[in-house]
Amino acid sequence: MCGIVVAVARKTIVSVLLEGLRKLEYRGYDSAGVAVLNGDALVRVRSAGRVADLTTETEKQGLVGDTGIAHTRWATHGAPCERNAHPHISNGLAVVHNGIIENHEQLRCELKAAGYEFTSDTDTEVIAHLIHQNLAGSPDLVSAVRAACTHLIGAYAIGVIQQDNPHTAIVAREGSPLVLGLADDANYAASDTAALLQVTRRMVYLENGDVAVLTPESVTITRQDGSPAIREEVASQLSADAVELGAYAHYMQKEIFEQPGAIINTLDMLGSAQTVQAGWFGAQAEGIFRDIDRILILACGTSYHAGLTARYWLESLAKLPVSVEIASEYRYRDSVPDPKTLVIAISQSGETADTLAALKH
Ligand code: GLU
């Protein structure tokens with residue numbers, strides 16, 4: 001799970017981008033980078049180390065800019081190194097990306113044939129060149145981003161800035177999370193609210209297939225076909241230090257020690273009920289539960305092992321046969337769908353790409 005931060009203002013936003021990345025560190029990453037527009041210049045700084053190393057480097061270079069994108073990378077294609085760190089650039093256009101582009105090899109071949117030179121081993125770089133290629137037949141940057149998105153297969157949240165487009169950033173999502181943060185003198189986007197609480201509590205959650213244009217004064221959300229999309233603004237209640245490491249040595253240790261509290265909070269939500277109520281699982285759950293004769297649990301890693309434990313409990317309590325499958329296998333194999341199977345997907349982050357793809361499948 002990588003992290004994206006996007007900011008557009010009329011004052012320098014470098015410290016907001018870096019603090020946003022720091023708040024996203026809990027998601028794990030192997031390298032980090034930032035690109036900003038400063039007048040006519042597009043400036044990029046990347047580091048194969050921690051966000052603190054990137055910050056030191058930006059300070060050394062005296063980086064300033066009023067429009068920018070930043071990224072913590074969790075490598076899926078290409079080794080974790082500076083050359084593969086985001087943002088990736090194509091002809092004055094910079095892109096950060098969270099997710100996986102499944103058809104990147106085919107797109108890379110087509111773009112190479114069209115004359116584009118690749119400087120990284122990532123799947124992400126195809127997005128930068130693809131948007132640039134689409135600029136030719138598009139009236140503006142957002143149209144080029146929309147057109148490029150229609151060629152992408154896979155999961156993505158992207159942030160895009162362009163040298164010729166000051167005070168503008170485009171973001172789009174399909175599969176990977178993206179939230180907008182609204183403020184009076186600036187607008188923002190990030191992989192989650194934690195990165196933006198430093199500047200605003202006014203959040204707008206984008207849906208799959210949304211594309212948004214951010215300027216310091218406005219936010220315009222459309223669907224990939226250009227039709228307008230209305231998304232509700234919500235006030236975030238998350239405490240600003242919810243993702244702070246505090247006294248813990250690292251985030252895994254923090255999460256282990258948070259388990260008792262998480263269980264107490266969950267049980268508190270269930271009130272004084274003595275038995276499991278179908279209604280806890282949603283308005284239609286009772287009808288659905290009555291009509292199933294098997295359960296299939298899809299998960300990866302530790303969640304898969306949690307699923308194996310759940311299997312023992314569910315078979316003993318519900319007296320229904322339960323199978324547990326590794327989501328990254330299930331999504332690619334031919335299985336026999338059965339409408340009377342209840343599918344349960346488990347993901348700690350809610351973003352595990354293979355589990356989401358298996359669920360869709
Ligand atoms: N697939 C991209 C890469 O390997 C993005 C990974 C991420 O989400 O950080 O560079």
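Everything numeric in this text was worked out from a predicted model, so none of it was measured. As the structure lists them, so they are numbered: ligands from 1, and atoms in each ligand from 1.
- Backbone and side-chain nitrogen or oxygen atoms of Gly99 are examined, and one is located within less than 3.5 angstrom of a nitrogen or oxygen of ligand 1.
- Among all protein heavy atoms, the one lying closest to atom 6 (C) of ligand 1 is Trp74 O, 3.2 Å.
- Atoms of ligand 1 found under 4.0 Å from any heavy atom of His86, numbered from 1 in the order shown, are 2 (C), 3 (C), 5 (C), 10 (O).
- Among the atoms of Asn98, some N or O lies under 3.5 angstrom from an N or O of ligand 1.
- Leu206 places a side-chain heavy atom less than 4.5 Å from the side chain of Val171.
- Contact check for Leu63 versus Glu57: no side-chain heavy atoms found under the 4.5 Å cut-off.
- Atoms of ligand 1 lying under 4.0 Å from at least one heavy atom of Thr122, given by number and element, are 10 (O).
- Close approach of ligand 1 to Cys2 is summarised as follows: ligand atoms under 4.0 Å from at least one heavy atom of the residue are 7 (C), 8 (O), 9 (O).
- Counting heavy atoms from C-beta on, the side chains of Thr302 and Gln348 never come closer than 4.5 Å.
- Considering only non-hydrogen protein atoms, atom 2 (C) of ligand 1 sits nearest to Asp123 OD1, 3.1 Å.
- Close approach of ligand 1 to Thr124 (heavy-atom distance below 4.0 Å) involves ligand atoms 2 (C), 3 (C), 5 (C), 10 (O).
- Taking every heavy atom of His77 and a limit of under 4.0 angstrom, the matching atoms of ligand 1 come to 4 (O).
- Atoms of ligand 1 found under 4.0 Å from any heavy atom of His71, numbered from 1 in the order shown, are 9 (O).
- Ranking protein heavy atoms by distance to atom 10 (O) of ligand 1, first place goes to Arg73 NE, 2.6 Å.
- The backbone and the side chain of Thr76 each have at least one atom closer than 4.0 Å to an atom of ligand 1 (non-hydrogen atoms only).
- Residues Leu152 and His97 are not in side-chain contact: their nearest non-hydrogen atoms beyond the backbone lie 4.5 Å or more apart.
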Chi angles and distances behind the side chain to side chain contact (heavy atoms under 4.5 Å, CB included) call for Tyr26, Leu245: CA-CA 8 Å; Tyr26 77 92; Leu245 195 51; over 6 Å; no
Using the side chain to side chain contact (heavy atoms under 4.5 Å, CB included) rule, take Arg10 and Glu217 through it: C-alpha gap first, then chi angles, then the decisive distance, then the call. CA-CA 9 Å; Arg10 297 213 176 262; Glu217 293 81 26; 2.8 Å; yes
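- Using a 4.0 Å cut-off between charged nitrogen and carboxylate oxygen, Asp140 and Arg146 do not count as a salt-bridge pair.
- Counted within 6.0 Å of CG on Asp40, heavy atoms from surrounding residues, nucleotides or ligands total 12 or fewer; the atom is thus considered open.
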